[in-house]
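Structure first, then comments.
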Number of protein chains: 2
Amino acid sequence: MPREGKRIKGSVGERAEARDQLRAELLSAARALADESAGFDSVTVRSVADRVGYTAPIVYQYFANKRALLVGLVDVGFAELADRLGRAQCPEEYARAGGPLLAVATAYWEFAAENPHLYRLMHTLSDVPFGTAKAPAAARECFGVLKAAVELGAPDHPAAKVDDDAVADLLWAHLHGLVSLTLDGRIKGGPRRARELLADLTVSFVGTPLPVE
Amino acid sequence: MPREGKRIKGSVGERAEARDQLRAELLSAARALADESAGFDSVTVRSVADRVGYTAPIVYQYFANKRALLVGLVDVGFAELADRLGRAQCPEEYARAGGPLLAVATAYWEFAAENPHLYRLMHTLSDVPFGTAKAPAAARECFGVLKAAVELGAPDHPAAKVDDDAVADLLWAHLHGLVSLTLDGRIKGGPRRARELLADLTVSFVGTPLPVE
DNA sequence: GGTCGAATTCTAACGTTGATAGAAAAGGAG
DNA sequence: CTCCTTTTCTATCAACGTTAGAATTCGACC
């Protein structure tokens, strides 16, 4: 869709708005290009600019460099993931899915399945750490949902003795591990079977009774 | 270290040997460059060739393209991981580490900690699937070790009902998830705390007794 | 309403990268 | 000593990220 108005114009307020919109269009363009071809390797600065009807240098009016553009997309990704997880975080969804863990795990899985390239980018782009502070707000939000689910769904997990966040960290790691290996084609049987494993992941996470002798 | 003999020479048999050695040197050079700077992004065909005392086109005498060179390194990585896991797979190590799962998990963790860039490459380079067949032999070997450990260490895992490999798949996913997030700097507290989580991962994997009421 | 100035966008170019073609050089075989 | 194969390099290409500076456009002010 080549731009119609082409140049950004209007009063100061209108321009600020138009600038925000073009920034968003650049992000969408990059995302769309990654989806249409095979991943973000084939997304070039020129192709992104082309798709919104501009030439390459326009990108640098909105992002410091290509990497910043991709980091912008990572933020979008976490925002969408947070939204999806948030919608799973309510008693109705907990009940419908069969428990807090399953509800949250399913939401996580579905986001990754519907946005494989974006998901991969979110974990491929290094130096976007979010150990504690400095993390994108959306990422902390995601973590919060996982933590809430874990407190209800696996209150007696052994990792709880490490600290308050440990169990949620572990759940995130488990989800990411399964999703990541699946996207990489490293789980035999593909997404279908991996989806089954996801259910058992949550089952084992709440704690399996040891055989009583 | 610029080459000394420079040109490959000698009788037919000697040349085959020398070719194999140069191939290995190219792989080592790429690996070393990744370790010295920050990851494989800064590894260029020219820099690899330079490091072994040749010019860029030499690489294409040994690998179809840059990607093939990196895939070669992935194979090296899985071979080393298989070796390390294999050394953990014996009754002595099982006992020393506190069970088969801990032994295997520790070996996995240590490999990743000592070779972060290579580990990342092994999971970043897409289209190197090993769902079932076609997988590098070393990767199947790794899986075999995990499977053996799981059969001893978590015989009653709920995922066992999916199929024979399900529990091992899950363990691999859990290990990869924690390692991967740690390398990405996404676990607060860094490797130190993540290492603790690893222990609890295995504890919860064998099955936590539910509180008996 | 015409002019000024700031904002926006493009053209042109640079250095680097992966990759290829073809020339050059080197060594074994007869 | 000459030939022929193998090995290696020089030169070059197109594509990429990025930047400088020119050109254009439009709102604002007199």
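Numbered from 1 within each chain, the chains take letters A, B, ... in sequence-line order.
If you take CZ of Arg23(B) and C1' of dT7(D), they are 18 Å apart, rounded to a whole angstrom. Atom-to-atom, CZ of Phe63(A) to P of dG17(D) comes out at 14 Å; the value is rounded to the nearest Å. For Leu22(B) and dC9(D), the CG to P distance is 10 Å, given to the nearest whole Å. For Gln61(B) and dC9(D), the CD to C1' distance is 11 Å, given to the nearest whole Å. When rounded to the nearest whole Å, the span between CG of Asp50(A) and C1' of dC16(D) equals 14 Å. To the nearest angstrom, C1' of dC16(D) lies 15 Å from CG of Leu33(A). The distance from atom OH of Tyr54(B) to atom C1' of dT6(D) is 12 Å, rounded to the nearest whole Å. Protein atom CD of Gln21(A) is 14 Å distant from nucleotide atom P of dT8(C), rounded to whole Å.
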Show, in sequence, the C-alpha distance, side-chain angles and deciding distance for Trp109(A) and Thr182(A), and conclude whether the side chain to side chain contact (heavy atoms under 4.5 Å, CB included) test is met.
CA-CA 10 Å; Trp109(A) 173 272; Thr182(A) 303; 4.0 Å; yes

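Note on Arg87(B) versus Asp83(B): salt bridge recorded, some NZ/NE/NH1/NH2 to OD/OE distance being below 4.0 Å. Using a 4.0 Å cut-off between a side-chain N of Lys or Arg and a carboxylate O of Asp or Glu, Arg84(A) and Glu141(A) do not qualify as a salt bridge.
Note on Thr55(A): every side-chain N or O is 4.0 Å or more away from OP1 and OP2 of dT9(C).
Side chain of Arg31(A) to backbone of Leu118(A): no donor-acceptor contact under 3.5 angstrom is found.
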Quick one, give me the B/S/- string for nucleotides 16-21 of chain C, reading 5' to 3', where B means a protein heavy atom under 4.0 Å from the base and S means that only happens at the primed atoms, P, OP1 or OP2.
-BBBB-

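Here His117(B) contributes atom NE2 and Leu73(B) contributes atom CG; the two are 13.0 Å apart, rounded to the nearest 0.5 Å. Rounding to the nearest 0.5 Å gives a distance of 11.5 Å between CD1 of Ile58(A) and CZ of Phe63(A).
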